[in-house]
Amino acid sequence: APQGATTNVVVTGTGFASGMSLSFGTGITVNSTTYSSATSATANITIDPAATTGARTITATVNGQNGSNANLFQVIGAPTITSFSPARGRAGGAITINGTNFTTGTTVTMGGVAATANVFSTTQISATVPALGEGDVSVYVTLAGVSSASSTLTIDNTVPTVTLEQAAEQVDPTSGS
């Protein structure tokens, strides 16, 4: 989950009981723990915007006994946008958003309108530009409620047209015709 997010995390294991608690380490506040069964609980957590990124150890405390497991949970940086390809978008056209910290569940809005998006990697998203008028629009990528800074994309809905004028008949000056 990204820095600055508040989200629910389902934790599984064994020996869980009502009244248990969960912890995720420094920079992560557990707002609540909901016991579901002897093998499942849900933690509502808030990750500090300045929390250190990387793997975290989750610790479950049940009746004064602790059980831990490392590397189960990752804190990542907030998503960022670095560029668009092509540099201009067209309503209904595809555009690649380049940046950082993209994962499954990342959403895209352009000019305040949700765009259809597919995350290809942690650094690339393919998005379809929604039906927008021409001009500059703000683009955001959002993960778990944490949005990137705004980046500006120019929408240009001009579709090029191609015409061919009839070529003038060429006359060979040496033939006399």
Side-chain angles (χ1 to χ4, degrees), residues 1-85 89 95-130 136-153:
Q3 295 164 316
T6 296
T7 190
N8 289 322
V9 178
V10 176
V11 178
T12 58
T14 60
F16 292 179
S18 180
M20 68 177 293
S21 65
L22 294 166
S23 65
F24 291 73
T26 304
I28 300 178
T29 301
V30 177
N31 304 312
S32 64
T33 301
T34 304
Y35 164 77
S36 301
S37 70
T39 59
S40 178
T42 301
N44 177 270
I45 63 169
T46 299
I47 303 170
D48 188 284
T52 302
T53 58
R56 295 306 179 95
T57 298
I58 299 175
T59 301
T61 303
V62 180
N63 298 322
Q65 300 297 311
N66 293 327
S68 298
N69 201 331
N71 302 320
L72 292 179
F73 185 80
Q74 293 279 332
V75 174
I76 62 173
T80 63
I81 298 172
T82 57
S83 65
F84 302 105
S85 179
I95 192 155
T96 299
I97 301 170
N98 300 297
T100 61
N101 301 319
F102 302 152
T103 65
T104 301
T106 300
T107 61
V108 175
T109 57
M110 298 180 182
V113 179
T116 302
N118 294 307
V119 177
F120 285 127
S121 70
T122 59
T123 60
Q124 284 194 328
I125 296 173
S126 174
T128 301
V129 178
D136 291 343
V137 297
S138 295
V139 178
Y140 296 91
V141 293
T142 303
L143 177 62
V146 177
S147 293
S148 65
S150 172
S151 192
T152 301
L153 175 66

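Just so it is clear, the structure is predicted and the values come from calculations on it, not from any experiment.
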| message | When you compare the side chain of Q3 with that of T53, does any pair of heavy atoms fall below 4.5 Å? | response | yes
| request: Please name the pair of heavy atoms, one in G25 and one in R56, separated by the smallest distance, quoted to 0.1 Å. | output: C-NH1, 3.9 Å
| Which value, rounded to the nearest 0.5 Å, describes the distance between M110 atom CE and S151 atom OG? | 10.0 Å
| query | Considering all heavy atoms of both residues, which atom of G27 and which atom of A51 are nearest to each other, and what is their separation? | reply | O-CB, 3.8 Å
| said: Going by the rule side chain to side chain donor-acceptor pair (under 3.5 Å), which residues pair with S36 if we only count those two or more places apart in sequence or in a different chain? | reply: none
| request: Write out all pairs satisfying ring-ring contact (aromatic ring centres under 6.0 Å, His included) with one or both partners inside residues 37-79, taking only residues at least two apart or from two chains. | output: F24-F73
| message | So, using side-chain contact (heavy atoms from CB on, under 4.5 Å) as the criterion, who are the partners of T122 when residues are at least two apart? | response | none
| field | Interatomic spacing from CD1 in I45 to CD1 in I58 - rounded to 0.5 Å | value | 8.0 Å
| said: Listing request: all side-chain hydrogen bond (donor to acceptor under 3.5 Å, both in side chains) pairs with a residue in residues 101-115, at least two apart in sequence or in separate chains. | reply: none
| message | Within the 4.5 Å heavy-atom criterion, are F84 and I97 side-chain neighbours or not? | response | yes
| field | Gap between atom OG1 of T34 and atom CG of L22 - 0.5 Å precision | value | 9.5 Å
| said: Return the CZ to CD1 distance between F102 and I76, rounded to the nearest 0.5 Å. | reply: 10.5 Å
| Derivation and outcome, side-chain contact (heavy atoms from CB on, under 4.5 Å), residues T96 and F120 | CA-CA 10 Å; T96 299; F120 285 127; 5.9 Å; no
| message | Restricting to side chain to side chain donor-acceptor pair (under 3.5 Å), what partner residues turn up for T128, sequence neighbours left out? | response | none
| message | I want to check something: taking the side chain as every heavy atom from C-beta on, are I81 and V141 in contact at a cut-off of under 4.5 Å? | response | yes
| note | Output for pair (L143 CG, S148 OG), nearest 0.5 Å, gives 10.5 Å
| Roughly how far, to the nearest 0.5 Å, is the CZ atom of F16 from the OG atom of S37? | 8.0 Å
| note | Smallest heavy-atom separation, A1 atom then T7 atom, equals CB-CG2, 4.2 Å
| message | Does anything in residues 69-82 form a side-chain hydrogen bond (donor to acceptor under 3.5 Å, both in side chains)? List the pairs, not counting sequence neighbours. | response | T80-T100
| Of all pairs that satisfy ring-ring contact (aromatic ring centres under 6.0 Å, His included), the ones with a partner from residues 41-63, not counting sequence neighbours | none
| Between A41 and T33, which heavy-atom pair has the shortest distance, and what is it? | CB-CG2, 4.4 Å
| field | ring-ring contact (aromatic ring centres under 6.0 Å, His included) partners of residues 32-65, not counting sequence neighbours, each pair once | value | none
| remark: Residues S40 and V10: closest non-hydrogen pair is OG-CG1, 3.9 Å
| Taking every non-hydrogen atom, the tightest pair across A144 and P2 | CB-CD, 3.8 Å
| message | Considering only residues two or more places apart or on different chains, which pairs with a residue in residues 8-25 satisfy side-chain hydrogen bond (donor to acceptor under 3.5 Å, both in side chains)? | response | N8-N44
| request: Please say whether more than 12 non-hydrogen atoms of neighbouring residues, nucleotides or ligands are located less than 6.0 Å from CG in N63. | output: no
| query | Which pairs with one or both residues in residues 37-66 pass ring-ring contact (aromatic ring centres under 6.0 Å, His included), sequence neighbours excluded? | reply | none
| Any residue meeting side chain to side chain donor-acceptor pair (under 3.5 Å) with S147, in chain and number order, not counting sequence neighbours | T142
| Where the side chain of T29 meets the backbone of N31, is there a donor-acceptor pair that is under 3.5 Å apart? | no
| field | Listed partners of T61 passing side chain to side chain donor-acceptor pair (under 3.5 Å), at least two apart | value | N66
